[in-house]
Amino acid sequence: MKVYNFEKGAAPVNTDEMYMKEAYKLAQKAYEEDEVPIGAIIVSQGKIIGKGYNLTERLNDVTAHAEMQAFTAAANFLGGKYLKDCTLYVTVEPCVMCAGASYWTQISRIVYGAKDDKRGYSAISSHIIHPKTEIVGGVMESECAELMKRFFKSKR
């Protein structure tokens, strides 16, 4: 989907990229807080209803991934656990835990930036995602991958 800007000479805006930029801002915040730099947002009807970034170090909680934070915020916003007609934007392909949680939310779409060949859900099983969930990968892939590389390079 594209959003049109009717200003003279303006090109349409790719909404997946527009929302991924918001998730990327959260990933940068995680990076600044010395957390694995992954950010996530959930969008419903053109509105951001949930946000999150990794908080595993701050909360000393291995389940405090960006997606999990965003799922909780969106469910609280909607007043229910199902995220039908919602899209998750996340800077890195979800891990098995987050993909499994997405299954139970019945989220309609997952859009991710960088692929995670080591810990991403698709390296283990593509059947962990709900069969009705549409997957789109590679949105802002190079920027998202570079942030992760920079973070882990600083740890070595």
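From a predicted model like this one, the values you see are computed outputs, not experimental measurements.
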- request: Would you indicate whether the side-chain heavy atoms of Leu147 and Gln28 approach each other to under 4.5 Å?
  value: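 SC-SC contact between Gln28 and Leu147 confirmed.
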Might you point out which heavy atoms bring [X] and [Y] nearest each other, and give the distance in Å?
X      : Y      : answer
Val111 : Met20  : O-CE, 3.5 Å
Asp117 : Ala123 : O-CB, 3.5 Å
Lys51  : Leu26  : CB-CD1, 3.9 Å
Ala114 : Ala145 : CB-N, 3.7 Å
Cys144 : Gly113 : SG-CA, 4.1 Å

- request: Determine whether the side chains of Thr56 and Asn54 contain a donor N or O and an acceptor N or O closer than 3.5 Å.
  value: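 Checked: Thr56/Asn54 side chains show no N/O donor-acceptor pair below 3.5 Å.
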- request: Please write out which residues are connected to Trp104 in a hydrophobic cluster, directly or through intermediates, given that two of Ile, Leu, Val, Met, Phe, Trp, Tyr count as joined at side-chain heavy-atom separations below 4.5 angstrom.
  value: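 Tyr103, which link up through side-chain heavy atoms under 4.5 Å apart, make up the rest of the cluster.
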task: Assess whether side chain to side chain contact (heavy atoms under 4.5 Å, CB included) is satisfied between Tyr121 and Ile135, documenting all intermediate values.
output: CA-CA 12 Å; Tyr121 79 90; Ile135 305 293; 3.7 Å; yes
field: Working for side chain to side chain contact (heavy atoms under 4.5 Å, CB included), residues Gln45 and Asp85
entry: CA-CA 8 Å; Gln45 299 177 359; Asp85 301 321; 6.0 Å; no
message: Quick test of your reading: applying side chain to side chain donor-acceptor pair (under 3.5 Å), list the pairs with at least one residue in residues 127-143, sequence neighbours left out, ordered by first then second residue.
response: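 Applying side chain to side chain donor-acceptor pair (under 3.5 Å) to every pair that reaches into residues 127-143, excluding sequence neighbours, yields Arg109-Glu134.
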Got a list of side-chain donor-acceptor pairs under 3.5 Å for residues 89-102, not counting sequence neighbours?
from	atom 1	to	atom 2	distance (Å)
Tyr89	OH	Asp16	OD1	2.8
Thr91	OG1	Gly39	N	3.1
Glu93	OE1	Asp116	N	3.0
Glu93	OE2	Ser122	N	2.9
Glu93	OE2	Ser122	OG	2.5
Ser102	OG	Ala99	O	2.6

State the [atom1]-[atom2] distance between [X] and [Y], to the nearest 0.5 angstrom.
X     : Y     : atom1 : atom2 : result
Ile48 : Thr87 : CD1   : OG1   : 11.5 Å
Leu55 : Glu33 : CG    : CD    : 7.0 Å
Tyr53 : Gln69 : OH    : CD    : 9.0 Å

field: Val36 vs Phe152, side chain to side chain contact (heavy atoms under 4.5 Å, CB included): CA-CA, chis, key distance, verdict
entry: CA-CA 8 Å; Val36 175; Phe152 285 109; 4.1 Å; yes
- prompt: Going through the checks in order, is the salt bridge (charged side-chain N to carboxylate O under 4.0 Å, His left out) test met by Lys29 and Glu32?
  reply: CA-CA 5 Å; Lys29 187 172 182 175; Glu32 291 164 7; over 6 Å; no
task: Please name all residues satisfying salt bridge (Lys or Arg N to Asp or Glu O under 4.0 Å) with Lys84, sequence neighbours left out, ordered by chain then number.
output: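 With neighbours one apart ignored, the set is empty.
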- request: Begin with the C-alpha distance, continue with both residues' side-chain angles, and end with the deciding distance and a verdict on side chain to side chain contact (heavy atoms under 4.5 Å, CB included) for Ser44 and Cys86.
  value: CA-CA 5 Å; Ser44 177; Cys86 295; 3.7 Å; yes
- prompt: Is there a donor-acceptor pair closer than 3.5 Å between any side-chain N or O of Glu35 and the backbone N or O of Glu57?
  reply: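 Here the side-chain-to-backbone pair exists.
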query: Checking Tyr19 side chain against Gly46 main chain: does a donor-acceptor pair fall under 3.5 Å?
result: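 Yes, the answer is positive, given that a donor and an acceptor are paired below the 3.5 Å cut-off.
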- request: May I ask whether Tyr82 and Phe71 are part of the same hydrophobic cluster, defined by side-chain heavy atoms of I, L, V, M, F, W, Y residues being less than 4.5 angstrom apart, directly or through others?
  value: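 No, it is not one cluster - the side chains of Tyr82 and Phe71 are not joined through contacts under 4.5 Å.
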- request: Take atom CZ of Arg119 as the centre, draw a 6.0 Å sphere, and report whether it contains more than 12 heavy atoms from other residues, nucleotides or ligands.
  value: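 Open.
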With sequence neighbours excluded, residues passing side chain to side chain donor-acceptor pair (under 3.5 Å) with Lys81: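 Partners of Lys81 under the side chain to side chain donor-acceptor pair (under 3.5 Å) test: none.
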query: In chain order, what residues pass the ring-ring contact (aromatic ring centres under 6.0 Å, His included) check against Tyr112, with sequence neighbours excluded?
result: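 With neighbours one apart ignored, the set is empty.
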query: Per the side-chain contact (heavy atoms from CB on, under 4.5 Å) rule, which among Ile41, Leu83, Ile107, Val43 passes with Leu88?
result: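 Of all the options given, the one that passes is Ile107.
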